[in-house]
Enquirer: 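Below you will find the structure I want to go over with you.
Throughout, residue positions are numbered sequentially from 1 according to the sequence presented.
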Amino acid sequence: LNMGCEAQSEDLSAQDLYFPLLQCTVDLNQKIIDTMKEIHANYNCDLNVYDCEDFSTLAEAQMVFWGCGIATDIHYLDGDGDGVACETLS
C-alpha cells in the first residue's frame, strides 16, 4: 500500500527525514478520520441492522466492520472473531 510517504534517505539528515514523515502521519490520520466520518454518515453504526448478505463485497463489509467498531461488532459481521468480516464473501 503506497500512501505517498516515501523518503529518500541518501544524503538527508534525520531532521530532513523526520518532518516529511511526520506530515505524512498527520495526513494519513486525517484520511482515517474522514473515512470514519463517511462510514458513520452512510451506515448505521448504532443498531444491528446489517447482515453479511447486505454487502456485495468483502471489502465493503470489512470497511463497515472496522468503521463501526471492531470491539463491539454491533452487526455481528465477524462470526469467528478473527477480525475478518463476512468471510463467505471472499
Enquirer: Asn42: which residues meet the side-chain hydrogen bond (donor to acceptor under 3.5 Å, both in side chains) condition with it, sequence neighbours left out?
Expert: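 With sequence neighbours excluded, Asn42 shows a side-chain hydrogen bond (donor to acceptor under 3.5 Å, both in side chains) to no residue whatsoever.
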Enquirer: With sequence neighbours left out, write down each residue that passes side-chain contact (heavy atoms from CB on, under 4.5 Å) with Leu89, or none if nothing qualifies.
Expert: Phe55, Leu58, Ala61, Cys86
Enquirer: Would you please name every residue forming a side-chain hydrogen bond (donor to acceptor under 3.5 Å, both in side chains) with Glu87, sequence neighbours left out?
Expert: none
Enquirer: Hey, could you give me the CD1/CG distance between Ile33 and Asn29, rounded to the nearest 0.5 Å?
Expert: 6.0 Å
Enquirer: Pairs under 3.5 angstrom only: tabulate donor-acceptor contacts from the side chains of residues 62-76 to other protein residues two or more places apart or in another chain.
Expert:
| unit_1 | atom_1 | unit_2 | atom_2 | d |
| --- | --- | --- | --- | --- |
| Gln62 | OE1 | Ala85 | N | 2.8 |
| Gln62 | NE2 | Gly83 | O | 2.9 |
| Thr72 | OG1 | Gly69 | O | 3.3 |
| Asp73 | OD1 | Tyr76 | N | 3.2 |
| Asp73 | OD1 | Leu77 | N | 2.9 |
| Asp73 | OD2 | Leu77 | N | 3.3 |
| Asp73 | OD2 | Asp78 | N | 3.1 |
| His75 | ND1 | Leu47 | O | 3.4 |
| His75 | ND1 | Val49 | N | 3.4 |
| His75 | NE2 | Asn44 | O | 3.0 |

Enquirer: Please list all pairs meeting side-chain hydrogen bond (donor to acceptor under 3.5 Å, both in side chains) that have one or both residues in residues 50-60, counting only residues at least two apart or in different chains.
Expert: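 Non-adjacent pairs meeting side-chain hydrogen bond (donor to acceptor under 3.5 Å, both in side chains): Tyr43-Glu60.
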Enquirer: Applying side-chain hydrogen bond (donor to acceptor under 3.5 Å, both in side chains), name anything that partners Asp34, two or more places apart in sequence or on another chain.
Expert: Gln30
